[in-house]
2 protein chains.
Amino acid sequence: MSLVQLESFVAVAEEAHVGRAARRLHVSQPPLTRRIRGLEDDLGTPLFERTPRGMRLLPSGQRLLPRARAILDAIEAARTAVHDPPALNDDS
Amino acid sequence: MSLVQLESFVAVAEEAHVGRAARRLHVSQPPLTRRIRGLEDDLGTPLFERTPRGMRLLPSGQRLLPRARAILDAIEAARTAVHDPPALNDDS
DNA sequence: GGCCCCGATACCGATTTGGTATTGGACGGA
DNA sequence: TCCGTCCAATACCAAATCGGTATCGGGGCC
């Protein structure tokens, strides 16, 4: 599992469409398809149902989605925290 | 930033020693040195002080450490959640 | 001054990754 | 029913990434 895979998963889940998600992520469609497939392989379970219209989240994917978002948010928070020392307490 | 980098960072922070951390992670020392360097480059700030005895966390690294651990834990939790459907509620 | 322990770097081969082109399947309209 | 369209999946190749071995450079410590 990688952060790139999680980011890709969230984008595809939100767009319900690999092509649109690819445009949003500034990559072409095939690598994005492979990222999703790689994530499913890593987890050992499918996350989406492939329909003729696009991608629909399976229950497993629905369970992953909020956690994936939380992880990506935590990454951003960590990035910020490294740079922002907490405000000094007057007592310290 | 990648999960591999975060995992490497936590190991080096805990061991205070690139060589020991490398053994623990089952990689050789040079790639681990590069992962740490890559993370520092990505964040734009050093995380460790290099001493003749090993590595010591800088304040920036101290701020990152608990967050890195939390992220790695969240990854494991997500992995588990995908496989474990929540117990059915009798009311549902 | 010589030895030892540490992380950093050079170099090379292997793996991974991305892009273009193409395929195959499912709809929808004429 | 056949053709055009839209979707994800795959084949293929080039570029980038990554890991390992060998080596370097700097500090301590006899």
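Remember, it's a predicted structure, so these values are computed and weren't measured experimentally. Note on naming: letters A, B, ... go to the chains in the order of the sequence lines (proteins, then strands), and numbering restarts at 1 for each one.
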Side-chain N or O of A/Ser28 less than 4.0 angstrom from OP1 or OP2 on C/dG18? no
Closest to the side chain of B/Pro30, out of D/dT10, C/dG7, D/dA22, is D/dA22
Between C1' on D/dT17 and CD on B/Gln5, what's the gap in Å once rounded to a whole number? 12 Å
State whether the distance check finds a donor on one side and an acceptor on the other, under 3.5 Å, for side chain B/Arg53 versus base D/dG28. no
What's the CD-C1' distance between A/Glu15 and D/dA8, to the nearest Å? 16 Å
Out of D/dC7, C/dC6, D/dT10, which has the shortest distance to the side chain of A/His17? D/dC7
Do the side-chain N or O atoms of B/Thr33 get closer than 4.0 angstrom to the phosphate oxygens (OP1, OP2) of C/dA8? yes
Position toward the 5' end of DNA chain D (nearest nucleotide), B/Gln29 or B/Arg35: B/Arg35
Closest to side chain of B/Val18, choosing from D/dA8, C/dG7, C/dG19: C/dG7
Calculate the interatomic distance between B/Leu39 atom CG and D/dC18 atom C1'; express it in whole Å. 16 Å
How many Å lie between CG on B/Asp42 and C1' on D/dT17, as a whole number? 15 Å
Minimum heavy-atom distance between B/Ala68 and B/Phe9, given as atom pair plus value: CB-CD2, 4.1 Å
Base of D/dG26 paired with side chain of B/Arg50 (donor-acceptor, under 3.5 Å): no
Output yes when at least one side-chain N/O atom of A/Arg34 is less than 4.0 Å from OP1 or OP2 of C/dT16, else no. no
B/Arg50, CZ: over 12 other non-hydrogen atoms inside 6.0 angstrom: yes
Quick one: on DNA chain C, does B/Gly19 or A/Leu32 contact a more 5' nucleotide (nearest heavy atom)? B/Gly19
Please determine, for the side chain of A/Pro52, which listed nucleotide (D/dA9, C/dC6, C/dC27) has the closest atom? C/dC27
Is any side-chain heavy atom of A/Thr45 closer than 4.5 Å to a side-chain heavy atom of A/Leu58? no
Net bend of the helix from C/dG1-D/dC30 to C/dA30-D/dT1, end axes of five pairs each, nearest 10 degrees: 20°
Ignoring hydrogens and angles, tell me if any N or O in the side chain of B/Glu14 forms a donor-acceptor pair with the backbone of B/Ala11 under 3.5 Å. no
Atom-to-atom span, CZ of B/Arg37 to C1' of C/dT9 - whole angstrom: 10 Å
Show your working on salt bridge (Lys or Arg N to Asp or Glu O under 4.0 Å) between A/Glu76 and B/Arg67 and close with a plain yes or no. CA-CA 10 Å; A/Glu76 287 313 303; B/Arg67 291 175 170 88; over 6 Å; no
Within a 6.0 Å radius of atom CZ on B/Arg56, are there more than 12 heavy atoms belonging to other residues, nucleotides or ligands? no
Using whole Å, what does the distance between atom P of nucleotide D/dT17 and atom CE of B/Met1 come to? 17 Å
Check the surroundings of atom CZ in A/Arg37: do more than 12 heavy atoms from other residues, nucleotides or ligands lie under 6.0 Å from it? no
When rounded to whole Å, the CZ to P distance for the pair A/Arg23 and C/dG19 reads 14 Å
Chi angles and distances behind the side chain to side chain contact (heavy atoms under 4.5 Å, CB included) call for B/Val27, B/Arg35: CA-CA 11 Å; B/Val27 292; B/Arg35 290 181 192 172; 3.6 Å; yes
Report the distance from atom CD1 of B/Ile36 to atom P of D/dG19, rounded to the nearest whole Å. 12 Å
